[in-house]
Each structure stands twice: as structure tokens, then as C-alpha cells.
J.: 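Sharing a structure below in C-alpha cells format, with a few things to ask.
Here, residue 1 is the first one in the sequence, and each next residue gets the next number. Indexing begins at 1, ligand by ligand and atom by atom, following the structure's order. Since this is a predicted model, take the numbers as computed values, not measurements. These values consider heavy atoms only, across backbone and side chains, with no hydrogens, waters or symmetry-generated copies.
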Amino acid sequence: MSITILGIESSCDDTSAAIIRDGYMLSNIIANQEVHRIYGGVVPELASRAHQQNIIPVVDQAIKVAGISKNEIDAIAFTRGPGLMGSLLVGSSFAKGLSLSLGIPLIEINHLQAHILANFILEIGSTNHVPSFPFLCLLVSGGHSQLVLMNDYLEMKIIGQTIDDAAGEAFDKCAKIMGLPYPGGPVIDKLASEGNPDAFKFSKPRIENFDYSFSGLKTSFLYFLRDQIKNDPSFIDHNKNDLCASLQKTIIDILLDKLMKASVNLKINEIALAGGVSANSGLRYKVTSQASQMNWKTYIPAFKFTTDNAAMIAITGYYKYKAGLFASQDVVPTARINQG
Ligand code: KG4
Ligand code: ZN
């Protein structure tokens, strides 16, 4: 018997709904919120208001595009956290209401686990290449940077994580320092492709074990620019591409260093990427090019599954459904989630 899951994602500034049937994506609708751009970051109150406007049309479209009727949905998976409380409340309240009206179960989803399981989304008509267990996942998003050991679909163990800023925050904050628009990651990625990654050197953290730190890099970037601007007020404009390329290279080196150490230490050569920063072309290239030297098999989600999307929520819901893990109507969203 086939299993059809509706996934709903509303943890930050994207409202998304998707249908997954037996692991295959039938639809994945995302409404981005442009309203935050002029503020240089996500404004929580505006985000929850936009979710309220978007949620019904987005879910409706996901069902239509999938070519199913709502009565064919077996369960509703929604993001419980981590994320912005006001945003999470919109998705979770909607999911609860719809589950009651359709008389189908609810499944609560950890947004970070979902980013990792995005590697298992199957698409009709494409070659589906998925990791085997155990595998190591470098999960890099706007709020998290973690090295996660996946022993099974629902068995995750965090073996390293950032002690301060996330990799995505490093991209976004350094972009802001250069006067680039939010979110800075994709903008830096684009400008970096035209620059010299060895033009400037920035400090790298010395942290024990498999943990990360990015706040020192942000500070060294800020002080470096302050000094240079004293001599040349147009320093940023004159060197934008080289600054982006050098900064991006430093972030990638920091990420790869711990990933390689963890792979050697745990003797795992199945390596996956996940999260918004895994859309970065430099990171994707570096991980792929490192593969033969490290004897890795690498798995990198399609671009559309790296940043926030509901297909990743629905695929996680699919595996939780098969494991019989359902939520009650009392479930409440949570801004933080303690994992592994
Ligand atoms: O996973 P995500 O969509 O949301 C969170 O759960 O945080 O990640 C968003 C982060 C932002 O910091 C954004 O700048 C970064 O992913 N990002 C990128 C790229 N695309 C998105 N960073 C570097 N290069 C990119 N191409
Ligand atoms: Zn995310």
C-alpha cells in the first residue's frame, strides 16, 4: 500500500508545502518572503504574518501540482523546530487543524534532521543516488553547522558543532560588512566565482575535536577591512570579488578540515552535505574534488533541496510514518531542539 505525506515547513522565512508518495516527490511549493530584504535580515513578526498569508495557497497548490485529492493524504508532517516561534506556530497550527478535519495523523519534524534526510528525496525520472548507512553529514545552514553521524534514517548523533556562529551566519554577516544584500551567502558565492581565492588570508580557528567556530573569522574580516579602508576608502569596491573568493575559501577550508578528520577518525567514507550553505558552488566543488583523494562517495542534494523546503519535511515524515512515530494534538512548536 502506498504512503502519501503532506509536508509543511514554516521555520523561518519560507512558506513551503510538499507531497511525497513512497519516497518520491510529487510537488514542492515554496513561497519566499521578499519583505525582509530591505531590513538586511529576517524580521520575525513580518515572517509570521507572511506565513499566515501564504500557508493556504501554498498547501492548496502542493496538492494540485501533485495531482492528488486531499483525501489521499495519509499523514501531515510539519516542522516543530528549531526556528522562529511565530513562524513555527503558523505551520504547526495549520497542520493540526488540517489533521483534525481530515482525520489523519500528525508527525512532528526536527528541521535539522529533515535537512539531512533531503538526501533521500527521490524524483521520478531522475537517477536517484542516496547514501548508505552509516554516513557522515556536514549540515551547514543559517543557524547551524554540525557534523552528524547517521546510523539510520532516524538515528543521528552529532559529533561536532559550532561553538558560536554558523557557517551561513559567517557568510551573511561578512556580506553585511561589505554592504552586500541579505542573504549574503548566494551573493558571495556569485562574486567569488570572479575573484582570486588566494588574494587575502583570514584567520582560522584552532578548536579541539570536531567542533567549529566562525565568530573569530568574522571579527578578523571586519578589522582587516577597517585597516584597509583607512588607506583606500574604496577598498571594498576595488576588491569585492577577491574578498568574496578569499572569504569563501577560508570558510570552506574550515568546514572541510573537520569533515576530513572525522571521516578518517570514524573510518566512514560515505559523505553527505545538507543545509542552505551546501548550495555553495565552491563547497560542492571542493567536496567532490576531495572525493578521490579521500576515497569518499559523496552525496549532495539538488539545489532546490538544500535551502528550506517542505519536501525534506515530507520525506522525514515518510520515514517516521513507517516507524509509527506520530504526534498528538498537544504538540507545541519549539524554537530550540536538543538533538542526539
Ligand atoms: O538551510 P537554510 O535555508 O535555512 C536555515 O535553516 O538556516 O540556510 C540559509 C543559509 C543562509 O545563511 C544563506 O546565506 C546560506 O544558507 N546560503 C548560502 C548559499 N545559498 C544559501 N551560503 C553560501 N553559498 C550559497 N550559494
Ligand atoms: Zn533550514
J.: Within this structure, what is the CG-SG distance for the pair Asn196 and Cys244, rounded to the nearest 0.5 Å?
T.: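 The CG atom of Asn196 sits 12.5 Å away from the SG atom of Cys244.
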J.: Got the closest protein heavy atom to atom 10 (C) of ligand 1, with its distance?
T.: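 Among all protein heavy atoms, the one nearest atom 10 (C) of ligand 1 is Gly142 N, 3.5 Å.
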J.: Please work out which of Ser141, Gly185, Gly143, Gly168 has its closest non-hydrogen atom nearest to atom 25 (C) of ligand 1.
T.: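 Nearest option to atom 25 (C) of ligand 1, by heavy atoms: Gly185.
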J.: How about Glu9 and Ser11: does a side-chain donor come under 3.5 Å of a side-chain acceptor?
T.: yes
J.: Would you call Lys190 a ligand 1 contact, heavy-atom distance under 4.0 Å?
T.: no
J.: Heavy-atom contacts with Asp172 under 4.0 Å: which atoms of ligand 1 show up? List them by number with element.
T.: 11 (C), 12 (O), 13 (C), 14 (O)
J.: Under a 3.5 Å cutoff, is there a donor and acceptor pairing between the side chains of His51 and Thr15?
T.: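 His51 vs Thr15: donor-acceptor pair found between side chains.
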J.: Assess, by modelled atom type and distance only, whether the side chains of Asn32 and Asp14 contain a donor and an acceptor separated by less than 3.5 Å.
T.: yes
J.: Which ligand 1 atoms are under 4.0 Å away from a heavy-atom of Pro183?
T.: 14 (O)
J.: Could you identify the single nearest non-hydrogen protein atom to atom 26 (N) of ligand 1 and state the distance to 0.1 Å?
T.: Asp189 OD2, 2.9 Å
J.: For atom 17 (N) of ligand 1, find the nearest protein heavy atom and state the residue, atom name and distance (0.1 Å precision).
T.: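 That would be Gly276 O, 3.5 Å.
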J.: At a 4.0 Å cut-off, with the gap strictly under it, does some heavy atom of His115 reach an atom of ligand 1?
T.: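 Contact present.
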J.: My understanding is that a hydrophobic cluster links ILVMFWY residues whose side chain heavy atoms are under 4.5 Å apart, including indirect links. Using that, what else belongs to the cluster containing Tyr285?
T.: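 The other cluster members (ILVMFWY side chains, heavy atoms under 4.5 Å, direct or chained): none.
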J.: Applying side-chain hydrogen bond (donor to acceptor under 3.5 Å, both in side chains) as the test, list every pair that has at least one member in residues 19-29; sequence neighbours left out.
T.: Thr4-Arg21, Arg21-Glu72
J.: State, without any angle test, whether Gln161 and Asp211 hold a side-chain donor-acceptor pair at a distance under 3.5 Å.
T.: no
J.: Do any protein N, O or S atoms sit under 2.8 Å from the Zn ion (ligand 2), and which ones are they?
T.: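 Under 2.8 Å from the Zn ion (ligand 2) - ignoring waters, which are not counted - the protein N, O or S atoms are His111 NE2, His115 NE2, Asp308 OD1.
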J.: Please report the C-alpha distance between Tyr299 and Phe305 in whole Å, then the side-chain angles of each, then the deciding distance to 0.1 Å, and finally whether the ring-ring contact (aromatic ring centres under 6.0 Å, His included) criterion is met.
T.: CA-CA 12 Å; Tyr299 304 89; Phe305 301 136; over 10 Å; no
J.: Tell me which part of His111 gets within contact of ligand 1: side chain, backbone, both or neither, using heavy atoms under 4.0 Å.
T.: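 Looking at His111 and ligand 1, just side chain atoms fall under 4.0 Å.
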J.: Under 3.5 Å, is there a donor-acceptor pair between the side chain of Ser93 and the main chain of Leu89?
T.: yes
J.: If you look only at distance, which donor and acceptor atoms sit under 3.5 Å apart when one is on a side chain in residues 60-68 and the other is two or more places apart or in another chain?
T.:
residue : atom : partner : partner atom : Å
Asp60   : OD2  : Lys64   : NZ           : 2.8

J.: Looking at Lys304 and Glu123, does any basic side-chain N land under 4.0 Å from a carboxylate oxygen?
T.: yes
J.: Distance-only, no hydrogens or angles: does the Asp189 side chain make a donor-acceptor pair with backbone N or O of Ser281 under 3.5 Å?
T.: yes
J.: Considering only the protein, which heavy-atom contact is closest to atom 3 (O) of ligand 1, and what is its distance?
T.: Asp308 N, 3.1 Å
J.: Starting from atom 24 (N) of ligand 1, locate the nearest protein heavy atom and write down its residue, its atom name and how far away it is, to 0.1 Å.
T.: Asn280 ND2, 3.0 Å
J.: Is Cys12 in contact with ligand 1, taking contact as a heavy-atom separation below 4.0 Å?
T.: no
